[in-house]
Amino acid sequence: MKRKHQRMSLLGLAALAIAGAAALILTAFEDNIVFFHSPTDLVTKEFSPTQRLRVGGLVEQGSVQKQGDGVTVRFVVTDTAESVPILFKGILPDLFREGQGIVAEGTFRNGVFQASEVLAKHDETYMPREVADAIKATGQWKGDE
Amino acid sequence: MHSFANPTRFLRLTRALQPWAAGVALVCLAAGLYFSLFASPADYQQSETVRIMYVHVPAAWMAMFCYVAMAAGSASFLIWRHRVADLVAKATAPIGASFTFLALVTGSLWGKPMWGTWWVWDARLTSVLILFFLYLGYMALYNAFDDQARGARAASVLALVGVVNVPIIKFSVDWWNTLHQPASVVRLDGPSIHPSMLTPLLLMAVGYTAFYAWVLFLRVRTEFAAEKIRALRFRQAAVPPARELKSQEG
């Protein structure tokens, strides 16, 4: 075997080993890498009531209510299978609205998610407003509104 | 392919291609910027903020593309000992780092109004930040040795180890829940971006790629010139004055 072939197979083996190691590490840390949990995770998995976590999903239609104090908002986030009520006191991002994907950070206690921060999740669809309106007019709209 | 490992031939090629790359870069970036900033529609959700995307997305593509180019050059250098490949990798590193920085900054500027935050530690953002550090690490390691050949080899190994991060960046949005949205252009069921917005985006992407080629050719030629100067100085210092005349004759 020539030296350059030796080096080539050495590099190939090293690449395989590194890829394997990376795959194992990423699988092992799966739960820490996910940025948010779904409402189903929240309901089925056991989380401590003091643990800070994030929940992501769609804001349920017609679920957003301003509370009596004027600054607290209550809404329901759903992944269509399960849904979780969220209480949030603060300023919501511009993209926040019913049907929109959001990620909330906070604690889950007694079936209610107490959020300290709410982020809007943007989807991967880009189009001009006229096109969006035209698609909605034909009833072909597959988005979350 | 290996015939380009010949420095003279490679330099001749870069000299021929450089003005073309420069021309394509300037035309495409000018047209792309005009279309993306003025002559394209606002988005139905993001309105005008969508224009950041035309700068951000190609920068992120180039960040990954440059890294793959750098790793390919490093591999070719380690296996076949091609000096040209090493210089291509070395010249690519600062360009790729700049693209990565641009992607991070524009992404942050977009994230604040759209998501409501400048930065989150989700898989996509974190893996791109790691990419940025890999570029910095490569450049630091390259220059960390007195013996340049050793630095080149160590940095090449780092570049190859880091290549595992590239698929992680690309598929992070599919493998895990992230705040960052999934791919809009490079996806199996076709782009989910309207043609009126895709055209300026692709123009910008071509412009960025040509810009990379332009700067790469310039940097590689500079590296060769610097190497020649180093060699001349070295010889000058090594040859005692008495023999200088003789060596000049030969």
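Source: prediction; values computed, not measured. Protein chains get the first letters and strands the later ones, always in sequence-line order, with residue 1 at the start of each.
- Heavy atoms only, all atoms of each residue included: A/Arg97 and B/Gln45 are closest at NH2-OE1, 2.9 Å.
- Using a 4.5 Å cut-off between heavy atoms, B/Pro167 does not touch chain A at all.
- Within 6.0 Å of the CZ atom in B/Phe65, the count of heavy atoms belonging to other residues, nucleotides or ligands does not exceed 12.
- Between chain A and the options B/Asp122, B/Leu179, B/Leu160, B/Leu198, the largest number of non-hydrogen pairs under 4.5 Å is found for B/Leu179.
- A distance of 11.5 Å separates CD1 of A/Ile33 from CG of B/Asn177, quoted to the nearest 0.5 Å.
- Closest non-hydrogen pair, A/Thr125 versus B/Tyr44, comes out as O-CE2, 4.0 Å.
- Considering only heavy atoms from C-beta on, A/Tyr126 stays 4.5 Å or farther from B/His194 through its side chain.
- Summarising the geometry of A/Leu11 relative to B/Ala75, their closest heavy-atom pair is CD1-O, 4.3 Å, with the distance given to 0.1 Å.
- Contacts with chain B were tallied for A/Ala19, A/Pro128, A/Pro93; A/Pro128 has the most, counting heavy-atom pairs under 4.5 Å.
- Across every non-hydrogen atom of B/Trp115 and A/His122, the tightest pair is NE1-N, 4.0 Å.
- The backbone N or O of A/Met127 sits less than 3.5 Å from a side-chain atom of B/Asp43, completing a donor-acceptor pair.
- Contacts from residues 129-152 of chain B to chain A, taken as heavy-atom pairs separated by less than 4.5 Å, involve no residues at all.
- A/Ile91 CD1: 12 or fewer foreign heavy atoms inside a 6.0 Å radius.
- With a 4.5 angstrom heavy-atom cutoff, B/Ser196 touches chain A only via side-chain atoms.
- The number of heavy atoms from other shown groups lying within 6.0 Å of CG (B/Asp189) is above 12.
- Looking only at heavy-atom pairs under 4.5 Å with chain A, the residue among B/Val163, B/Val50, B/Asn165, B/Val164 that has the most is B/Val164.
- Heavy-atom distances place both the backbone and the side chain of B/Met114 under 4.5 Å from chain A.
- If you tally non-hydrogen atom pairs under 4.5 Å between each of A/Arg7, A/His37, A/Lys4 and chain B, the highest count goes to A/Arg7.
- A/Glu124 pairs with exactly one of B/His180, B/Gln181, B/Arg187 by the side chain to side chain donor-acceptor pair (under 3.5 Å) rule, that one being B/Arg187.
- Closest heavy-atom contact between A/Glu30 and B/Trp175: OE2-O, 4.3 Å.
- Residues A/Met8 and B/Trp80 are in side-chain contact: their nearest non-hydrogen atoms beyond the backbone lie under 4.5 Å apart.
- Other residues, nucleotides and ligands contribute over 12 non-hydrogen atoms within 6.0 Å of the CZ atom of A/Arg52.
- Other residues, nucleotides and ligands contribute over 12 non-hydrogen atoms within 6.0 Å of the CZ atom of B/Phe224.
- With a 6.0 Å radius and a threshold of 12 heavy atoms from other residues, nucleotides or ligands, B/Phe35 has its CZ atom at or below the threshold.
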